[in-house]
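Residue indices begin at 1 and follow the sequence shown. One-based numbering, in listed order, for ligands and for the atoms of each.
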Amino acid sequence: MSASTFLRRFAAIAAAALLLTPVLTVPEPALALENGLARTPPMGFNNWNSTHCRAEFDEAMIKGIADIFVSQGLKDVGYRYVNIDDCWALPTRNAQGDLQPDPKRFPSGIKALADYVHSKGLKFGIYTSAGTKTCNTAGFPGGLGHEQRDANLFASWGVDYLKYDNCNNQGVDAQKRYKAMRDALARTGRPIVYSICEWGRSEPKVWTWGEPVGNLWRTTGDISDNWTSMIGKAKANRVLAKYAGPGHWNDPDMLEVGNGGMTATEYRTHFSLWAMMAAPLLIGSDLRKAGAETFGILKNTDIIALDQDPLGKQATVVSSDGGLVVYNKVLANGDRAVALSNENTSAATIGTTAAALGIGGAPSYLLKDLWSKATRTTTGKISASVPAHGTVVYRVSKGSGSVTRHEAEAGTVSAGGTIDSNHAGFSGTGFVNGANAVGSHVEWKVDAASAGPVRVSFGYANGTTSNRPVDVSVNGTVVATGVAFAGTGAWTAWSTVSRSLDLAAGTNTIRLTATTPDGPANLDYADLATG
Ligand code: GCU
């Protein structure tokens with residue numbers, strides 16, 4: 001049944017139940033949380049990470065964020081929910097027992113604010129706690145024992161999302177508390193995303209019972225705006241992949257991107273890992289003060305597409321070796337997203353293979369770097385030099401064409417060059433150790449079926465720390481000068497340098513000529529990829 005049919009039917013059942021008896025029974029478990037919402041992880045905003053309870057959290061701020069969602073194109077790339085956190089209410093309920101908005105912060109009331117957010121084509125979310133009071137020391141009233149009254153009030157205001165916290169819970173069983181609010185929300189008949197904010201605290205763990213209860217559940221305590229906190233949340237959350245899926249997500253907490261406590265590299269890692277883990281993407285910075293760098297991260301549509309992939313698979317960890325971590329996310333169209341994440345304080349090469357990602361066997365693969373946007377082909381090896389605290393994210397697709405390998409030892413080598421085999425890991429029977437001189441070169445004869453661009457990847461090793469640049473020529477014409485062949489760390493560490501080269505139909509010559517007295521790197525092969 002479609003989500004809307006479901007909601008209509010469910011609302012009818014709930015309405016009938018309300019008429020029949022004031023003591024409501026839980027509807028059939030099958031009707032539990034499949035509320036049709038959050039088929040992909042929720043995207044939006046929440047003020048907490050930026051303001052906590054400070055006075056700048058107010059009506060003007062929230063309206064301003066809604067305006068920016070539209071004017072800066074955040075709505076266009078998928079951000080929908082504009083959510084408010086703790087401290088929106090007065091410390092006491094009114095005479096009827098209802099929660100009351102703080103008139104200083106929200107002079108027009110919450111209904112008017114929700115209406116404003118809705119008028120922008122966005123959705124509105126609110127916060128309370130599954131306890132007698134919320135977390136703030138001012139003692140704002142919580143929802144424990146008031147579930148239906150509060151849910152009804154939220155629904156009457158037009159709330160679309162509830163974050164339900166865990167403070168002052170009086171030791172009442174978590175499942176009991178969170179199911180009570182789930183059922184109260186369902187009875188309102190209004191579709192409301194239900195965010196369980198229990199911090200992964202109680203036993204049994206929320207991820208083992210969360211699926212029929214909430215649309216998402218916090219797996220950790222609160223995030224702070226620093227590397228240690230952020231990467232700690234990622235580590236705790238990345239082992240829980242099997243519990244996530246459409247309608248029910250692991251939540252490692254809201255984004256800190258743009259709050260100033262991390263470098264741009266670290267924020268890109270934060271955003272990349274959250275997307276890989278199919279985490280909710282709730283912006284936690286005051287966008288009214290955000291600069292181009294913050295918007296650039298938050299609006300990376302290639303990364304967002306990973307988070308919002310309709311298959312809804314959270315990335316799993318392929319390997320984790322001394323802080324060098326490879327994440328693999330299976331995507332709906334059969335592609336893989338791979339994140340090469342460096343948790344250490346110095347740059348490192350991190351690698352994996354298409355086979356390790358579960359898509360081995362194709363003759364070639366296209367790799368798109370989702371931050372730099374560069375593309376290249378590979379026959380299966382996937383690796384990158386990753387800066388300290390950085391993350392390289394590739395979308396990996398099977399190539400449609402094929403790759404033809406031309407070994408360097410089968411090419412023509414200029415005077416002084418030798419064919420060696422003393423450094424393991426080369427392809428074929430050896431590699432070319434060119435003379436250490438300017439002008440030293442290797443040349444391949446290659447065939448092209450038709451004229452046009454062909455992706456050529458040169459396999460090489462450079463065991464020094466100096467670049468060994470070459471000029472690339474095709475049919476006697478230099479088409480690229482000073483192409484870098486950077487150090488690979490060891491003579492046994494093989495890497496590739498790729499270029500798109502325009503070939504003529506028929507036989508072509510491709511030559512690499514050293515431009516420094518060190519000569520060329522050790523050259524292993526030239527791979528020509530089509531498609
Ligand atoms: C070392 C290494 C060679 C390499 C050479 C160089 O001798 O073993 O394989 O070609 O350095 O610097 O070019």
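- Taking W227 as the reference, H389 meet the ring-ring contact (aromatic ring centres under 6.0 Å, His included) condition, with sequence neighbours excluded.
- Listed by chain and number, H423, N433, N436, R468, W491, N522 each place a non-hydrogen atom less than 4.0 angstrom from ligand 1.
- For the side chain to side chain contact (heavy atoms under 4.5 Å, CB included) test with R395, the passing option among L366, V338, I303, L306 is L306; the others fail.
- Remark: F458 engages W444 in a ring-ring contact (aromatic ring centres under 6.0 Å, His included) (not counting sequence neighbours).
- We find that K242 and E211 are not joined by a salt bridge, their nearest charged nitrogen and carboxylate oxygen being 4.0 Å or further apart.
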Under the ring-ring contact (aromatic ring centres under 6.0 Å, His included) criterion, do Y243 and W217 qualify, and how do the steps go? CA-CA 10 Å; Y243 300 104; W217 48 82; 7.8 Å; no
Ignoring hydrogens and angles, write down the donor-acceptor pairs under 3.5 Å from the side chains of residues 469-493, residues two or more places apart or on other chains.
| from | atom 1 | to | atom 2 | distance (Å) |
| --- | --- | --- | --- | --- |
| D471 | OD1 | G482 | N | 2.9 |
| N475 | OD1 | T509 | N | 2.8 |
| N475 | ND2 | N508 | OD1 | 2.9 |
| T488 | OG1 | N462 | N | 3.0 |
| T488 | OG1 | N462 | O | 3.2 |
| T488 | OG1 | A490 | O | 3.0 |
| T488 | OG1 | A493 | O | 2.8 |

